[in-house]
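The first residue in the sequence is number 1, and the count goes up from there. Below, all heavy atoms of this structure are taken into account, side chains as well, without hydrogens, waters or symmetry copies.
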Amino acid sequence: QVQLVESGGGLVQAGGSLRLSCAASDDTFSGYAMGWFRQAPGKEREFVAAISWTSSSTLYADSVKGRFTISRDNAKDTVDLQMDSLKPEDSAVYYCARSYLRVKTSNHLNYDYWGQGTQVIVSS
């Protein structure tokens, strides 16, 4: 059974940091690129970051570039999102997703499995 479970969300002040983690079942993780997306109330789900299966390449949305870092541990079947210098506009539900591709991609249509999401609230 495919499972992606996010953790690490919470309330933080602007300028602070949070680290999100996504744990995947082995069938979900092996050989596939992974990504993080987010959705704020009343807005469309948007791409945040992606990482290739080998971690050789990463991709970030312009809005988070230089502040967020995506990483993965294939031995532990986890993918993390380190979020620094957080802004109120980063507040959203953050979703971990598995792509059916090996290479990084920002297109949500290239992702076939999604977690339930974890809430991030950044206060000003």
Which value, rounded to the nearest 0.5 Å, describes the distance between [X] atom [atom1] and [Y] atom [atom2]?
{"X": "S71", "Y": "M34", "atom1": "OG", "atom2": "CE", "answer": "11.5 Å"}
{"X": "L11", "Y": "I121", "atom1": "CG", "atom2": "CD1", "answer": "6.0 Å"}
{"X": "L18", "Y": "T118", "atom1": "CG", "atom2": "OG1", "answer": "9.0 Å"}
{"X": "R67", "Y": "L86", "atom1": "CZ", "atom2": "CG", "answer": "6.5 Å"}

Can you give me the closest heavy-atom contact between [X] and [Y], atom names plus distance?
{"X": "A14", "Y": "P88", "value": "CB-CD, 4.1 Å"}
{"X": "S55", "Y": "R72", "value": "OG-CG, 3.0 Å"}
{"X": "T105", "Y": "A50", "value": "O-CB, 3.6 Å"}

Do any N or O atoms from the side chain of [X] and from the backbone of [Y] form a donor-acceptor pair under 3.5 angstrom?
{"X": "Y111", "Y": "A33", "value": "no"}
{"X": "E6", "Y": "C22", "value": "no"}
{"X": "S52", "Y": "S57", "value": "yes"}
{"X": "S99", "Y": "N110", "value": "yes"}
{"X": "N74", "Y": "W53", "value": "yes"}
{"X": "S91", "Y": "V122", "value": "yes"}

Answer yes or no: is there a side-chain heavy-atom contact under 4.5 Å between [X] and [Y]?
{"X": "V79", "Y": "I70", "result": "yes"}
{"X": "T69", "Y": "Y60", "result": "yes"}
{"X": "H108", "Y": "F47", "result": "no"}
{"X": "V48", "Y": "Y95", "result": "no"}
{"X": "E46", "Y": "R38", "result": "yes"}
{"X": "L4", "Y": "W114", "result": "no"}

Just checking, is any N or O donor in the side chain of Q82 or D80 under 3.5 Å from an acceptor N or O on the other one? no
Please check if F37 and V64 belong to a single hydrophobic cluster, counting links between Ile, Leu, Val, Met, Phe, Trp and Tyr side chain heavy atoms closer than 4.5 Å. no
In the single-linkage hydrophobic clustering (I, L, V, M, F, W, Y; side-chain heavy atoms under 4.5 Å), do M83 and V12 co-cluster? yes
Residues pairing under salt bridge (charged side-chain N to carboxylate O under 4.0 Å, His left out) where one sits in residues 93-122, two or more places apart or in two chains, turn out to be R98-D112
Neighbour count above 12 (heavy atom, 6.0 Å) for Q39 CD: yes
Any carboxylate oxygen within less than 4.0 angstrom of a Lys/Arg side-chain nitrogen, looking at K87 and D90? no
Using ring centroids (six-membered ring only for Trp), state whether F68 and W36 fall under 6.0 Å. no
Among all residues two or more places apart in sequence or in another chain, which pass the ring-ring contact (aromatic ring centres under 6.0 Å, His included) test with Y32? none
